[in-house]
Amino acid sequence: MVVVEVLGGGGEVGRMAILVKGSRNSVLLDYGVNFDDEGKPVFPLHVRPRDLSAVVLSHAHLDHSGALPGLYISAAPPLYATPLTAELAEIMFKDTVKLSGYYLPYEDEEVRNTLRKVNPVNFNDTINLNGDSLTFLNAGHVPGSMMTLLNIDGTRILFTGDFNLSPSNLLNGADLSSVPRDIDLVVMEATYAGGTHPSREVLEEEFINAVKATLDEGGSVLIPSFTIGRTQELLLTLIKHNVTDVPIYVDGLARIANRIISKYPQFLRDPNLYVKALTYSSEIMGNYYRRNALRDQAIIITPAGMLKGGAAVYYLKRLGGDRRNALILPSYQAPDSPGYELLTRGVAKIDNEEIRVNAKVYWFDFSAHSGLEELINFINYFKDETNILIVHSSPRNALRLSEYLEERNIHVTLTTGEAIEI
């Protein structure tokens, strides 16, 4: 008998953590954080590090990785991740310590301990684990992200992490070719089960038209974006469509992420396009360069993606008052975020300052997750006997997905702490 415990991500998007326990091994899949309304980290349920045979990190986003260094205080279980994920996780850990260190159970030393225990793996690698095995596959979510196929006591389990079946300019879609259709359990995220994404062709056309219209009117374009994945996708989209008449600047942690990703072309769909995108863009190294970037028309891509901080706020205050400019939000905006306020009220409250924006405001669904239609197709890929465990989703969206597939063996986790036996 194999037990699967949901230590985080049950009935919520974020703080993903799944524990798989067999007779010989216990494997922890991700260990992320959420943040409450005051910006304090919220952690998964506790697990004893010395009980773990292995830890697997699907990708570097904090909602999957942010609690990991807390495991490496008194024990040192081996950590499996792609080398790209390990490098990206390092910059995310260090930034989190810098911003939220008072509330964290770890410091820089634990971050170093975590990184020392990384066993780098690549897509399609299989590692043996005391009679069991782990196989790692492309998840198509962000560069280096992976799904894990576990064989524990003869029970086959697929953990998707965050995944995207559709290819983008940056990545190929998730790899199902090596996944058996008759496995026992799929533990899958369903973040975007609430709706189907627009076609990539239409999305890109509308995005490029908004950028070009703003430039034609003499304005600049500010694109607040997530550091890993979204920044690079937008940069490639601009270059693919030859939007190179004005400087393209990248600021904040995204600059470092761009450089790290460039070291691992094997994880990219089109490495040549990526090199071209970096060649046509420039890094902003500090306030002096920020001021220079604002002197003429420009396209600026920078964290934070929901305007919760970062260099994006600096630019918003200086570009938002001019009707010729445009603010493009290319991703999900949480209801408690300044980005959501801006979309719904035209005003963003940041650091107790209310910022009214006269610039044009756009939102585009550049998601790196599978949408409802893709999630349904994904589940239908597996045999009817396969059990499906839905995590990393709001209860409403997860229940909606299960209603489309009433005949399937689907279990929706409504709260963290649930466990199932296989």
Side-chain angles (χ1 to χ4, degrees), residues 4 6 9-14 16 18 20 29-30 56 58-59 61 63-64 123-124 134-151 155-168 170-200 203 229 233 269 332 365-413 420 422:
V4 177
V6 181
E12 63 179 330
V13 175
M16 187 74 266
I18 300 293
V20 179
L29 303 158
D30 288 350
V56 176
S58 65
H59 66 288
H61 283 157
D63 59 335
H64 291 253
F123 298 155
N124 302 311
L134 306 174
T135 300
F136 309 105
L137 304 168
N138 174 31
H141 174 58
V142 295
S145 62
M146 65 188 190
M147 303 186 293
T148 303
L149 181 62
L150 304 89
N151 192 326
T155 299
R156 293 181 296 178
I157 299 170
L158 178 70
F159 173 67
T160 64
D162 288 348
F163 75 109
N164 189 7
L165 293 177
S166 298
S168 64
L170 185 63
L171 302 173
N172 292 312
D175 176 20
L176 285 183
S177 63
S178 301
V179 180
R181 297 184 63 231
D182 59 346
I183 62 176
D184 300 287
L185 173 67
V186 177
V187 182
M188 61 177 286
E189 62 105 344
T191 310
Y192 282 89
T196 296
H197 299 308
S199 75
R200 176 56 63 147
L203 180 66
E233 174 65 19
R269 183 183 184 188
Y332 171 74
D365 185 13
F366 275 94
S367 177
H369 295 259
S370 294
L372 176 61
E373 184 176 330
E374 293 169 308
L375 293 170
I376 291 171
N377 292 337
F378 176 74
I379 291 173
N380 282 332
Y381 169 85
F382 299 98
K383 299 243 182 206
D384 292 342
E385 296 77 20
T386 297
N387 295 284
I388 308 292
L389 177 63
I390 298 178
V391 295
H392 204 276
S393 180
S394 70
R396 178 181 178 182
N397 284 348
L399 289 170
R400 180 183 181 188
L401 175 60
S402 67
E403 288 171 359
Y404 280 95
L405 298 157
E406 292 180 352
E407 72 283 359
R408 302 297 303 244
N409 298 325
I410 296 179
H411 178 77
V412 174
T413 53
I420 65 171
I422 300 294

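Residue G229 comes nearest to P143 through the heavy atom pair CA-CD, 4.1 Å, listed as atom of the first residue, atom of the second, then distance. The two atoms that bring G173 and N138 nearest to each other are O-ND2, 3.1 Å, heavy atoms only. Nearest approach of L389 to V4, heavy atoms of both residues: CD2-CG1, 4.1 Å. Taking all atoms of both residues into account, the shortest heavy-atom contact from Y381 to V179 is OH-O, 2.6 Å. Residues V13 and S394 approach most closely at CG2-N, 4.1 Å, considering heavy atoms.
Remark: E12 engages R15 in a salt bridge (Lys or Arg N to Asp or Glu O under 4.0 Å) (not counting sequence neighbours). Listed by chain and residue number, F207 satisfy the ring-ring contact (aromatic ring centres under 6.0 Å, His included) test with F366 (two or more places apart in sequence, or in another chain). Residues meeting the side chain to side chain contact (heavy atoms under 4.5 Å, CB included) test with A193, sequence neighbours left out: A190, L375, N397, L401. Residues forming a salt bridge (Lys or Arg N to Asp or Glu O under 4.0 Å) with R200 (at least two apart in sequence, or on another chain): E233. With sequence neighbours excluded, the residues forming a side chain to side chain contact (heavy atoms under 4.5 Å, CB included) with V412 are I390, A398, L399, S402, I410, L414, listed by chain and number. With sequence neighbours left out, the salt bridge (Lys or Arg N to Asp or Glu O under 4.0 Å) criterion links R156 to D182.
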Exercise for the section: I would like to know whether H61 and V142 meet side chain to side chain contact (heavy atoms under 4.5 Å, CB included); could you show each step before the answer? Expected result: CA-CA 9 Å; H61 283 157; V142 295; 3.5 Å; yes
Problem - Audit row: D30, S58, side-chain hydrogen bond (donor to acceptor under 3.5 Å, both in side chains) steps and yes/no - result: CA-CA 6 Å; D30 288 350; S58 65; 2.8 Å; yes
Handout entry: Audit row: L134, V56, side chain to side chain contact (heavy atoms under 4.5 Å, CB included) steps and yes/no
Key = CA-CA 9 Å; L134 306 174; V56 176; 4.0 Å; yes
Practice task
In sequence, state the C-alpha distance, the side-chain angles, and the governing distance for D175 and S177, and then conclude on side-chain hydrogen bond (donor to acceptor under 3.5 Å, both in side chains).
Solution key: CA-CA 6 Å; D175 176 20; S177 63; 2.5 Å; yes
Exercise for the section: Tell me, with the steps shown, if M147 and F159 meet side chain to side chain contact (heavy atoms under 4.5 Å, CB included). Expected result: CA-CA 6 Å; M147 303 186 293; F159 173 67; over 6 Å; no
Practice task
Apply the test side chain to side chain contact (heavy atoms under 4.5 Å, CB included) to residues T135 and N124: give CA-CA distance (whole Å), side-chain angles for both, the deciding distance (0.1 Å), then the verdict.
Solution key: CA-CA 6 Å; T135 300; N124 302 311; 5.9 Å; no
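With values rounded to the nearest 0.5 angstrom, R181 atom CZ is found 5.0 Å from K383 atom NZ. Here L185 contributes atom CG and F382 contributes atom CZ; the two are 10.0 Å apart, rounded to the nearest 0.5 Å. The structure places CZ of R408 at 9.5 Å from CG of N387, a figure rounded to the nearest 0.5 Å. Note: L150 CG to I18 CD1 = 11.0 Å, rounded to the nearest 0.5 Å. We find the OG1-CG distance between T196 and L372 to be 4.5 Å, quoted to the nearest 0.5 Å.
At distances below 3.5 Å, not a single donor-acceptor pair connects side-chain atoms of E189 with backbone N or O atoms of S393. Under a 3.5 Å cut-off, the side chain of N409 and the backbone N or O of D384 do form a donor-acceptor pair. At least one donor-acceptor pair closer than 3.5 Å links the side chain of T386 to the backbone N or O of I183. Proximity of a side-chain donor or acceptor of S370 to a complementary backbone N or O of L165 within less than 3.5 Å is detected. In this structure, R269 contributes its side chain and N172 its backbone to no donor-acceptor pair below 3.5 Å. Checked by atom type and distance alone, the side chain of T160 never pairs as donor or acceptor with a backbone atom of D162 at under 3.5 Å. Looking only at distances, a side-chain donor or acceptor of S145 sits under 3.5 Å from a matching main-chain atom of H141.
L29 is listed as a side-chain neighbour of V20, based on a closest heavy-atom distance under 4.5 Å. In this structure, E374 and N164 have side chains that are in contact, with non-hydrogen atoms separated by less than 4.5 Å. Two residues are said to be in side-chain contact when any heavy atoms from C-beta on lie closer than 4.5 Å; T148 and I157 fail this criterion. In this structure, the side chains of F378 and V186 come closer than 4.5 Å at one or more pairs of heavy atoms. Side-chain contact between F123 and M146 is present, with heavy atoms from C-beta onward closer than 4.5 Å.
Checked against a 6.0 Å centroid threshold, the rings of H197 and Y192 count as neighbours.
Partner of M188 under the side chain to side chain contact (heavy atoms under 4.5 Å, CB included) criterion, chosen from L158, V391, I379: I379.
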